[in-house]
Amino acid sequence: MCSTYQMVPTYRSLLANRQVWYQDMPSGIVEPSTAQVVLIWSEKHQYWLLPRGRKDVGESLQQAALREAHEESGYRAELLPLYMPTRAPRTANEQAVTEAIFVSIAPFVDVKAREAGRKNVGGAVVTSWFVAQIPANAVSIPDGRTSDELDFVTHLVPFERAVELLMGQDVSVEAHTELMVIQKAIELWKRTQAITSGELVLDSDHDIGSSRIDRKYWD
């Protein structure tokens, strides 16, 4: 389901050096009826990105993902249940899940703090990527953006075009991860549609499935 073991040495270093960490909650927001995804265009940086932001103290991961989705995109979304392979225990009636589809750990450096001569200015960011959905008649009302997000412009983009736009940007780790996650979100959504329509039948033991559908939906 997700790469939860990525960069574990970074986490050990985080504990050993008593550095700080925070949780980042990005969301891939899809409009299922028209097969479109929400992308944010930064006029200032000339860059495409997904809605994301830090989790507040006391929030659940899911609450933070939906709040940040609304603040940055203007859409009030809800988590999209998806059929996906997972080793997490679930009951018989909980086949489609709204868990994160990808989890990563990466280092960060507080540049301003370092320039000010402070010590232990680094840490780690734990990122949980969710998939949310909006209805066909949804309206973007971006009334929760912070001062450094006022240049953001929300776009609904067809799946294939969204991949092209993200692929055409720089090759930084963050950009590569966003591209990978949106591709996985699209694959899982297509797989969920196939299961819902009866074209794909789940394997009751492993939630893998077998039918005419190509195995790319869960590999």
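The figures that follow rest on heavy atoms only: side chains count, while hydrogens, waters and symmetry mates do not. In this chain, numbering begins with 1 at the start of the sequence shown. Note that the coordinates shown come from a computational prediction; the quantities given were computed from them, not determined experimentally.
The side-chain contact (heavy atoms from CB on, under 4.5 Å) test applied to Thr127 returns Asp24, Pro26, Arg52, Ser104, Val125, Trp129, not counting sequence neighbours. Gln193 meets the side chain to side chain donor-acceptor pair (under 3.5 Å) test with no other residue; sequence neighbours excluded. Here Trp48 pairs with Trp41, His155 under the ring-ring contact (aromatic ring centres under 6.0 Å, His included) rule; sequence neighbours left out. When the ring-ring contact (aromatic ring centres under 6.0 Å, His included) test is applied to Phe152, no partner is found at least two apart in sequence or on another chain. By the side chain to side chain donor-acceptor pair (under 3.5 Å) test, Ser42 pairs with Asp151, sequence neighbours left out. A search for side-chain contact (heavy atoms from CB on, under 4.5 Å) contacts involving Ser147 returns nothing, not counting sequence neighbours.
For the atom pair Glu178 CD and Ile182 CD1, the distance stands at 8.5 Å (nearest 0.5 Å). Gln62 CD to Glu78 CD: the interatomic distance, rounded to the nearest 0.5 Å, is 13.5 Å. Rounding to the nearest 0.5 angstrom, the gap separating the OG atom in Ser140 from the CZ atom in Arg76 is 11.0 Å.
Side-chain N or O atoms of Thr192 include one that pairs as donor or acceptor with a backbone N or O of Tyr83 at under 3.5 Å. Remark: side-chain polar atoms of Ser27 are not paired, donor with acceptor, to backbone N or O of Pro51 under 3.5 angstrom.
Annotation: salt bridge (Lys or Arg N to Asp or Glu O under 4.0 Å) contacts involving residues 125-149, sequence neighbours excluded, are absent. Legend: salt bridge (Lys or Arg N to Asp or Glu O under 4.0 Å) pairs involving residues 55-73, not counting sequence neighbours, sorted by first then second residue: Asp56-Arg67, Glu59-Arg67, Arg67-Glu71.
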Taking distance alone, no hydrogens or angles, what donor-acceptor pairs closer than 3.5 Å link side-chain atoms of residues 28-37 to residues at least two apart or in another chain?
unit_1 : atom_1 : unit_2 : atom_2 : d
Glu31  : OE1    : Ser33  : N      : 3.0
Glu31  : OE1    : Ser33  : OG     : 2.7
Glu31  : OE2    : Ser33  : OG     : 3.0
Glu31  : OE2    : Thr34  : N      : 3.4
Glu31  : OE2    : Thr34  : OG1    : 2.5
Thr34  : OG1    : Gln36  : NE2    : 3.0

Under 3.5 Å, side-chain donor or acceptor atoms of residues 157-168 against the rest of the protein: list the pairs with distances, not counting sequence neighbours.
unit_1 : atom_1 : unit_2 : atom_2 : d
Arg161 : NH1    : Glu164 : OE1    : 3.2

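At a threshold of 4.5 Å between non-hydrogen side-chain atoms, the residues Met84 and Lys184 do not count as touching. Residues Tyr75 and Val38 are in side-chain contact: their nearest non-hydrogen atoms beyond the backbone lie under 4.5 Å apart. By the 4.5 Å heavy-atom criterion applied to side chains, Trp189 and Gln133 are not counted as neighbours. With contacts defined as side-chain heavy-atom distances shorter than 4.5 Å, the pair Val97/Leu82 does not qualify.
The other residues sharing a hydrophobic cluster with Met25 are Leu61, Leu66, Leu79, Phe130, where clustering joins ILVMFWY side chains under 4.5 Å apart. Residues Val139 make up the rest of the hydrophobic cluster containing Ile141, defined by ILVMFWY side-chain heavy atoms closer than 4.5 Å, directly or through other members.
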(message) Walk me through whether Ile40 and Thr154 qualify under side chain to side chain contact (heavy atoms under 4.5 Å, CB included).
(response) CA-CA 5 Å; Ile40 305 295; Thr154 302; 3.6 Å; yes
(request) Please step through side chain to side chain contact (heavy atoms under 4.5 Å, CB included) for the pair Ile134 and Leu156, ending with a clear verdict. (result) CA-CA 11 Å; Ile134 53 175; Leu156 262 176; 4.3 Å; yes
